Amino acid sequence: MPEAPQNLLERAEHDGLVSDNNKKALKFIESVTSQADEVQDRVLAEILSYSANVEYLQRYGLNGHVDKGTFKKVMPVITYEDLKPYVDRIANGDCSPILCSQPISEFLTSSGTSGGERKLMPTIEEELERRSLLYSLLMPVVDQFVPGLDKGKAMYFLFIKSEAKTPGGLVARPVLTSYYKSLLFKDRPFDPYTNYTSPNETILCPDSYQSMYSQMLCGLCQNLQVLRVGAVFASGFIRAIRFLEKHWPLLCNDIRKGTIDPKITDPSVREAVLKILKPNTQLADFIEAECSKESWKGIITRLWPNTKYIDVIVTGTMSQYIPTLDYYSNGLPLVCTMYASSECYFGLNLNPMCNPSEVSYTLLPTMAYFEFLPVNRKNGEPKSLKEDQQQVLDLTDVELGQEYELVVTTYAGLYRYRVGDILKVAGFKNKAPQFNFVCRKNVALSIDSDKTDEVELQNAVKNAANHLSPFDASLIEYTSYADTSTIPGRYVLFWEISQSGATQIPPSVFEDCCLTIEESLNSVYRQGRVSDKSIGPLEIKLVESGTFDKLMDYALSQGASINQYKTPRCVKYAPIIELLNSKVVSNYFSPKCPKWVPGQKQWCTEITK
Ligand code: AMP
């Protein structure tokens, strides 16, 4: 028998390894979901015994108990506001075991805010491995539905964000920045599933333009090898397409000549890109021809013809981007693989090729101890029941079709912490429930990772409306919506004003109003405007007088009760937006970006980029 050529043997061996790893991962999922209740009890006991001596648990008198009954009886269900005094002490340099017996390695900055600033989530070294474990399960699951993805590359647009230091010297940064900068990511051994078109140097480049440009250039150069494309959230992937729309002539020029645009100055990025980039006239001509066509419909499948799906989160507020993604990809499957946060990585989608509206996430019982506060709907709005301790259910006690607010106890020192997400039980994998992501509590407006609630919006509008008083004018009513029909999307406010003074209000006053609202919004919004450029200038649309009465008439015609009617401070329903738009008399945009600096406003310490 003739000997098989070496590369065929290597290929067979490689395929064998991949398939063994995949089988192991699936077996692991099978095992922990089958024993979800036992695993959860073990996780809680582990967390409580590791941290038996921490100040927080002692304060509530847990006294070293590790059983669920005592834990549930003595420990309160809390929000960030309850945790903040402890977090502040850690941030200010108190190294005693306050929340966790293991040293806090850094803070993860959540996109959820408190008092206008990002929430700080303490984390410990070993959590990195837990996050890594969840990542390692994603592709074995996808492989069951789309085999062969190990034979090509993934074009994922991944970015780091700026980081700051707390007064006590701990780094504070987003969880993904922490992950991409870790050795687990940077020094990962070759794995066909983490074989990205973007070299590490391009992902780790702190300058967002250089990072995006170089990642796009590498993605284009390797277009035929690309089997899947994506970003973390849908908004990020759309931003990448928008970037291509703007910069394709420069990118084509580089591909034609094998050079890199001089604006890319980071030497490590240049070096890494040059290892991939070779002059290729044919490819440059092809990209140029496709990009200069009037329609960009299906541009993803045209430029990256072997792409099987787009890996992006389109659940929650990101669902607003589905039509745009469908347009650019000619309806490629949109795959949501995981559900995670700065507090904890929660779980994964075991049926990744399903329709976005059907996505459910299976919480992995080993990640943390999960509990659930039942949610009731009041006027359509989800309201968690008062935290009667008895009502907080365990993972395996939730009921099909019910909505719950997620509460977590983590290895890193959060105990019965309300994450703020509302989930609905959609089914079960063995004993582990699978949840639809319903919404984040109290989010009125969101474009990217920003989350603005009605109270913040109300305060911001109040500050802005002060600009009207010199003109004897006042704001009578307002509402808002997140307009994602443009890239980047923006907040739009409809204002109805009344004016008794005769002086016409100059446009600059309304522009100042726009800017004042932006200045008053939280730091995640302002970072999106200034640093990430993922949010466009805020717009105020003045509507003719009587418009909000018409809005009420419309609501009443649809069955709302006149006694209970309140002007919605945020609208999503297309006919209402159409009605409002039909009454617009003038519109104004924020003339510049609001102020934003990394870190929190009370810290005046060094900033690392
Ligand atoms: P952050 O704390 O900034 O990491 O944001 C975490 C939050 O993002 C979660 O609590 C959710 O509200 C949201 N999120 C994360 N993953 C998903 C997902 N797959 N679908 C919908 N929302 C998600």
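Computed over heavy atoms, backbone and side chain alike; hydrogens, waters and symmetry mates excluded. This structure is a prediction, so every number in the text was calculated from the model and none was measured. Residue numbers start at 1 and run along the sequence shown. Order of appearance sets the numbers: ligands from 1, and atoms from 1 within every ligand.
- Here Leu57 contributes atom CG and Ser51 contributes atom OG; the two are 6.5 Å apart, rounded to the nearest 0.5 Å.
- At least one donor-acceptor pair under 3.5 Å links the side chain of Tyr404 to the backbone N or O of Glu399.
- Here Ala340 has backbone heavy atoms under 4.0 Å from ligand 1, and that is the only part of it that gets that close.
- Interface of Tyr361 with ligand 1, defined as ligand atoms under 4.0 Å from a residue heavy atom, comprises 18 (C), 19 (N), 20 (N).
- Within ligand 1, the atoms closer than 4.0 Å to a non-hydrogen atom of Met338 are 19 (N), numbered from 1 in the order shown.
- Ion pairing between Lys441 and Glu405 holds under the 4.0 Å rule for side-chain N and carboxylate O.
- Comment: Arg239 engages Asp448 in a salt bridge, judged by a side-chain N to carboxylate O separation of less than 4.0 angstrom.
- Residue Thr315 touches ligand 1 through backbone and side chain together, judged by heavy-atom distances below 4.0 Å.
- Proximity of atom 7 (C) of ligand 1 to the protein is indicated by at least one non-hydrogen atom lying closer than 4.0 angstrom.
- Expressed to the nearest 0.5 Å, how far CD of Glu403 lies from CG of Leu423 amounts to 9.0 Å.
- Comment: Glu163 engages Lys181 in a salt bridge, judged by a side-chain N to carboxylate O separation of less than 4.0 angstrom.
- Between Tyr339 and ligand 1, no pair of N/O atoms sits closer than 3.5 Å.
- With a heavy-atom cut-off of 4.0 Å, Phe437 touches ligand 1 through its side chain alone.
- Rounding to the nearest 0.5 Å places CG of Leu457 at 11.0 Å from CG of Asn522.
- Per-residue contacts place Ser342 under 4.0 angstrom from the following atoms of ligand 1 (heavy atoms of the residue considered): 1 (P), 2 (O), 3 (O), 4 (O).
- For Lys119, no heavy-atom contact with ligand 1 is shorter than 4.0 Å.
- Each of the atoms 1 (P), 2 (O), 3 (O), 5 (O) of ligand 1 lies under 4.0 Å from some heavy atom of Ser111.
- For ligand 1 and Arg440, the ligand atoms under 4.0 Å from any heavy atom of the residue are 7 (C), 9 (C), 10 (O), 12 (O).
- Salt bridge status for Asp394 with Lys72: present, with a side-chain N to carboxylate O gap under 4.0 Å.
- Closest to atom 12 (O) of ligand 1 among all protein heavy atoms lies Asp421 OD1, 2.8 Å.
- Taking a cut-off of under 4.0 Å to the non-hydrogen atoms of Ser341, the atoms of ligand 1 that pass are 4 (O), 6 (C), 10 (O).
- Salt bridge Glu30/Lys27: absent, no basic N to carboxylate O contact under 4.0 Å.
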